[in-house]
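Numbers restart at 1 for each chain; the letters A, B, ... are given by sequence-line order, proteins then strands.
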Number of protein chains: 2
Amino acid sequence: MKARVHVMLKTGVLDPQGEAVRHALGSLGFEGVNGVRQGKVIELDLAEGTTEAQVTEMCEKLLANTVIESYSVEMS
Amino acid sequence: MKARVHVMLKTGVLDPQGEAVRHALGSLGFEGVNGVRQGKVIELDLAEGTTEAQVTEMCEKLLANTVIESYSVEMS
């Protein structure tokens, strides 16, 4: 089974990578880009029977820095 | 309007970050993690009327390195 975890900086936390992308898009002539936030996506290939609770624990312990990052888990 | 772009390394391209996460999860006692791939997610806040074709162009020109990365665009 597969799980996909999204890790994004929390709202209000400065995102220099996202800002850099926004500026670069402007320089390339793309108009109307009001904001960019960049995060991580982690795709896990898991043994059958792994629960969403276990993936959440992985996020809490390793995948996300919960002080500044939020995460969401999708199982499939 | 919002767009979300996922950028992942293509299948077959070595993903050292993903491998590091896999090892770290094993060290923390999580069993049954067969594989991990790490990619980027970019959330764009766009002016109304921006088309998916324009976002695809952003991916081709800046957001993804299409030699080694694949991308997908979701508009919302």
Given salt bridge (Lys or Arg N to Asp or Glu O under 4.0 Å), test A:R4 with A:E74 step by step and report yes or no.
CA-CA 5 Å; A:R4 180 182 259 195; A:E74 285 166 40; 5.0 Å; no
Out of A:V5, A:V21, A:L44, A:T50, which one racks up the most heavy-atom pairs below 4.5 Å with chain B?
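When all of A:V5, A:V21, A:L44, A:T50 are compared, A:L44 has the most.
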If you count heavy-atom pairs under 4.5 Å with chain B, which of A:M8, A:K61, A:K2 comes out on top?
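Top option by heavy-atom pairs under 4.5 Å: A:M8.
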Can you tell which part of [X] gets under 4.5 Å to a heavy atom of chain B, answering side chain, backbone, both or neither?
X: A:Q54; value: backbone
X: A:E57; value: both
X: A:L46; value: both

Grab the two heavy atoms, one from A:E69 and one from A:L9, that are nearest each other, plus how far apart they are.
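Reported closest heavy-atom pair: CG-CD2, 4.0 Å.
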Over all heavy atoms of both residues, which pair between B:A47 and A:N34 is shortest? Give the atoms and the distance, please.
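Smallest interatomic distance, heavy atoms only, reads N-ND2, 3.8 Å.
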Return the CG to CD distance between A:L25 and A:E31, rounded to the nearest 0.5 Å.
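A:L25 CG to A:E31 CD: 12.0 Å, rounded to 0.5 Å.
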Just verifying a value: how many Å separate B:I42 CD1 and A:Q17 CD, rounded to the nearest 0.5 Å?
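With rounding to 0.5 Å, CD1 (B:I42) is 9.0 Å from CD (A:Q17).
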